[in-house]
Amino acid sequence: MAAMLRARLGTGCPSCWLRGWHLSPGLPGARLAHATAADRLQREYDAVVIGAGHNGLVAAAYLQRAGVRTAVLEKRHVLGGAAVTEEIVPGFKFSRASYLLSLLRPQIYTELELQRHGLRVLPRDPYSFTPLLEDRSPPRSLLLGHDMAKTQQQIAQFSQKDAQAYPEYEAFMGGLVSALDPLLDAPPVDTAALGQGSLLQRLRALKALRPLMQAGLVLGRQLPRYYEVLTAPISKILDQWFESEPLKATLATDAVIGAMASPHSPGSGYVLLHHVMGELEGQKGAWGYVAGGMGALSQAIAGAAAARGAHIFTEKAVCHVLLGRDGRAQGVALQDGTEVKSKLVLSNASPQITFLELTPQEDLPKDFVQRIQQVDTRSPVTKINVAVDRLPSFLAAPNARDGRPLPHHQCSIHLNCEGTHLLHQAFTEATHGHPSSRRACTSTPRPMIELCIPSVLDPGLAPQGCHVVSLFTQYTPSVLAGGRPWDEQARNAYADTVFDCIEAYAPGFKSSIIGRDILTPPDLEKIFGLPGGNIFHGAMSLDQLYFARPAPSYSGYRSPVPGLYLCGSGAHPGGGVMGAAGRNAAQVALEDFRRL
């Protein structure tokens with residue numbers, strides 16, 4: 001089987017099963033129909049959404065649900081933005097960019113009836129596995145799951161004190177998540193309108209204050225402690241709770257993942273919270289795989305929109321936003337010269353693309369343009385998708401003789417997480433333009449690796465006996481030292497470093513590789529439109545959240561151009577496959593549409 005698959009590597013077209021297809025409105029379940037999108041695209045709609053990322057599709061679904069005639073225009077050949085399934089290696093279907101689901105807002109599941117449109121989520125339990133590199137045989141490992149007693153037994157290998165403290169830590173963090181949760185589903189407070197807006201604006205601002213006040217009431221006396229979590233380095237917070245380094249490093253990965261930050265960076269605690277805010281099937285903080293890959297989620301959202309009449313097109317690149325003489329957005333122009341008129345324009349693109357490329361600069365305030373130019377979009381992420389002909393066998397948890405998956409294979413597998421100092425060293429190296437580059441992974445710095453094998457729970461992603469492996473790695477700078485480009489040699493050298501590290505934990509991994517897809521920060525920017533390769537459209541740092549996302553006074557989805565709205569991850573509440581920005585922006589745009 002492996003030899004046959006390797007022989008096929010030179011053939012086939014990436015994602016050919018999706019190329020050139022679009023969703024046709026009115027079809028049962030919004031099934032895919034192969035048709036020429038050009039003869040379906042109308043010249044006028046009530047609303048146009050730029051980009052068919054998951055947030056754009058969510059926005060379109062809510063607009064169309066409210067009776068607003070909506071079109072979605074996507075420049076790629078496949079829907080979903082970073083939430084896509086692509087067949088990079090023949091026979092292997094990868095969640096090429098985003099790869100796990102948890103943060104999608106519960107209201108979106110129910111209001112858009114995503115299960116009816118084909119969404120099926122595969123929860124993971126246990127969910128986290130950290131094998132160690134140790135001289136002892138076998139090396140120890142840390143397995144975390146939803147069974148608290150078993151999780152405490154695992155932690156007790158390293159510290160009885162930590163095992164006893166862990167339930168209290170979980171409850172403490174859960175309290176903060178519960179308080180902040182309502183803030184995700186509403187626009188931030190318009191502070192300017194509170195003082196000097198019209199009566200209507202002031203009433204809207206007062207209404208928006210309600211979730212903020214509710215959050216304060218829930219936090220109550222614990223507010224000072226929770227404030228510390230939001231502002232302090234996560235290493236400081238974890239040191240207050242725990243003493244064992246493997247546990248602290250495992251938990252710290254959620255505080256730095258996707259962020260050009262160290263566990264010692266102030267504010268990294270919020271990034272951790274952002275990654276534990278979700279739920280799956282009522283289980284708080286749970287993460288799972290989407291059956292069929294992340295693209296199946298995007299298809300389900302698109303199906304919900306198309307079933308109500310939305311028009312969704314691929315390979316329709318927007319060139320710029322059309323403005324009327326009054327300065328209002330009145331549609332978009334495509335790269336092929338086609339103009340599509342509309343009363344509303346919602347952009348799922350990043351703030352940088354939306355306001356620095358698609359909107360005429362002379363129609364934007366200079367201070368706003370400067371703010372967008374100064375947004376921190378640094379990314380530490382290189383995503384590597386790997387096709388293998390067998391499951392990795394870890395020294396800390398060897399495979400069964402029959403080769404069947406074991407519980408830890410379904411987890412997020414954290415490598416090079418023996419201690420938080422390893423994460424900090426890798427971060428420090430990247431700030432000087434150097435990706436983690438030690439070929440022998442017993443030395444430092446070593447790349448932080450989150451390894452997932454979704455085909456363990458979803459065998460249809462790969463041929464029988466084979467698997468798809470997702471490697472979310474950091475720290476890799478967007479620009480290498482000396483201004484060197486991320487050319488093929490640099491990509492392969494870094495990937496080889498990552499594979500050497502995995503080999504140290506799971507001997508035989510390198511020989512199991514059939515094919516690989518390496519996406520450095522510039523690749524993530526070029527392919528998916530992620531500025532600087534940043535998976536959140538901009539750092540999730542405290543100075544770029546809530547009131548200040550994407551810029552102060554423009555955090556409520558409206559832009560300086562009337563009729564133009566931001567509905568992607570660059571808007572509140574930020575990145576992750578959450579859908580909140582798309583849903584919130586649609587509601588704001590609907591308010592304005594009803595007043596037109």
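- Looking only at side-chain heavy atoms (C-beta outward), Leu344 and Asp46 stay at 4.5 Å or farther from each other.
- For the pair Lys93 (side chain) and Gly292 (backbone), a donor-acceptor distance under 3.5 Å is absent.
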Practice task
Verify salt bridge (Lys or Arg N to Asp or Glu O under 4.0 Å) between Arg65 and Glu113, making sure each step is shown before the conclusion.
Solution key: CA-CA 12 Å; Arg65 186 170 176 252; Glu113 302 178 286; over 6 Å; no
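- Residues Met540 and Leu545 form a side-chain contact, since some pair of their non-hydrogen atoms from C-beta on lies under 4.5 Å apart.
- Contact record, Ala506 with Pro392: CB-CB, 4.2 Å, taken as the closest heavy-atom pair.
- Side-chain atoms of Leu114 and Leu104, non-hydrogen and from C-beta on, do get closer than 4.5 Å to each other.
- Contact between Ala580 and Leu184 at its shortest, heavy atoms only, is CB-O, 3.5 Å.
- Taken to the nearest 0.5 Å, the SG atom of Cys466 stands 12.5 Å off from the CG atom of Leu461.
- Taken from CD1 in Ile353 to NE2 in His537, the straight-line distance is 7.5 Å, to the nearest 0.5 Å.
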Problem - Candidate pair Glu111 and Tyr62, rule side chain to side chain donor-acceptor pair (under 3.5 Å), full reasoning - result: CA-CA 9 Å; Glu111 291 168 355; Tyr62 278 97; 2.4 Å; yes
Exercise for the section: Apply the test side-chain contact (heavy atoms from CB on, under 4.5 Å) to residues Asp592 and Arg558: give CA-CA distance (whole Å), side-chain angles for both, the deciding distance (0.1 Å), then the verdict. Expected result: CA-CA 10 Å; Asp592 295 348; Arg558 297 178 180 91; 2.9 Å; yes
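- Pairing each heavy atom of Gly56 with each of Cys567, the nearest pair is CA-SG, 4.2 Å.
- The distance from atom CD of Glu525 to atom OG1 of Thr520, rounded to the nearest 0.5 Å, is 10.0 Å.
- With rounding to the nearest 0.5 angstrom, the OH atom of Tyr166 is 6.0 Å from the OG1 atom of Thr151.
- Using bins of under 30°, 30° to 60° and over 60° for the plane-to-plane angle, the ring pair His408/Phe129 lands in the tilted bin.
- Within the 3.5 Å criterion, the main-chain N or O of Met578 finds no donor-acceptor partner in the side chain of Arg583.
- The two residues Pro188 and Gly556 make their nearest non-hydrogen contact at CD-CA, 4.4 Å.
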Exercise for the section: Please assess Val340 against Lys316 for the test side-chain contact (heavy atoms from CB on, under 4.5 Å), listing each intermediate value before the final yes or no. Expected result: CA-CA 11 Å; Val340 182; Lys316 294 292 179 187; over 6 Å; no
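- The backbone N or O of Asn399 lies less than 3.5 Å from a partner atom in the side chain of Ser393, making a donor-acceptor pair.
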Anything under 3.5 Å between a donor and an acceptor, one on a side chain of residues 447-455, the other on a protein residue two or more places apart or in another chain? List them.
residue	atom	partner	partner atom	Å
Glu450	OE2	Tyr99	OH	2.6
Ser455	OG	His467	ND1	2.8
Ser455	OG	Val468	N	3.1

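- Crowding of Arg120 atom CZ: a count of heavy atoms from other residues, nucleotides or ligands under 6.0 Å not exceeding 12.
- Contact between Ser379 and Gly533 at its shortest, heavy atoms only, is OG-O, 3.0 Å.
- Side-chain polar atoms of Tyr557 and Gln587 form no donor-acceptor pair below 3.5 angstrom.
- Aromatic ring pairs are classed by plane angle as parallel below 30°, tilted from 30° to 60° and perpendicular above 60°; the pair Phe92 and Phe94 is parallel.
- Side chains of Val271 and Ile234 form no contact here, defined as non-hydrogen atoms less than 4.5 Å apart.
- Asn534 CG to Gln352 CD: the interatomic distance, rounded to the nearest 0.5 Å, is 9.0 Å.
- Within the 4.5 Å cutoff, the side chain of Leu63 has heavy atoms near those of the Leu346 side chain.
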Practice task
Applying side-chain contact (heavy atoms from CB on, under 4.5 Å), run through Ser128 and Thr250 and close with a yes or a no.
Solution key: CA-CA 8 Å; Ser128 173; Thr250 298; 3.4 Å; yes
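- Without hydrogens or angle criteria, Gln410 side chain to Asp125 main chain gives a donor-acceptor distance under 3.5 Å.
- Of the charged side-chain nitrogens involved, none lies within less than 4.0 Å of a carboxylate oxygen, so that Lys284 and Glu170 do not count as a salt-bridged pair.
- With values rounded to the nearest 0.5 angstrom, Leu251 atom CG is found 8.5 Å from Met173 atom CE.
- Without hydrogens or angle criteria, Arg124 side chain to Leu457 main chain gives no donor-acceptor distance under 3.5 Å.
- Ser298 contributes no side-chain N or O that, together with a main-chain N or O of Val84, makes up a donor-acceptor pair within less than 3.5 Å.
- Contact annotation: the side chain of Tyr127 approaches that of Leu144 to within less than 4.5 Å [non-hydrogen atoms, C-beta and beyond].
- In this structure a side-chain-to-backbone donor-acceptor pair under 3.5 Å is missing from His414 to Leu142.
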Problem - Trace of the side-chain contact (heavy atoms from CB on, under 4.5 Å) decision for Gln474 with Ile257 - result: CA-CA 8 Å; Gln474 49 190 88; Ile257 196 160; 4.1 Å; yes
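- Within the 4.5 Å cutoff, no side-chain heavy atoms of Tyr554 are placed close to those of Leu566.
- No donor-acceptor distance shorter than 3.5 angstrom exists from the side chain of Asp458 to the backbone of Leu122, with no hydrogens or angles considered.
- The aromatic rings of Phe394 and His409 sit tilted, their planes meeting at an angle between 30° and 60°.
- Not one N or O on the side chain of Asp517 forms a donor-acceptor pair closer than 3.5 Å with the backbone of Asn385.
- With a 4.5 Å cut-off on side-chain heavy atoms, Leu79 and Ile301 do not count as touching.
- At least one donor-acceptor pair closer than 3.5 Å links the side chain of His274 to the backbone N or O of Gly575.
- The number of heavy atoms from other shown groups lying within 6.0 Å of CD (Gln115) does not exceed 12.
- Contact detail for Gly258 and Ile535: the closest heavy-atom pair is CA-CD1, 3.8 Å.
- Under 3.5 Å, the side chains of Ser178 and Asp181 contain no donor-acceptor pair of N or O atoms.
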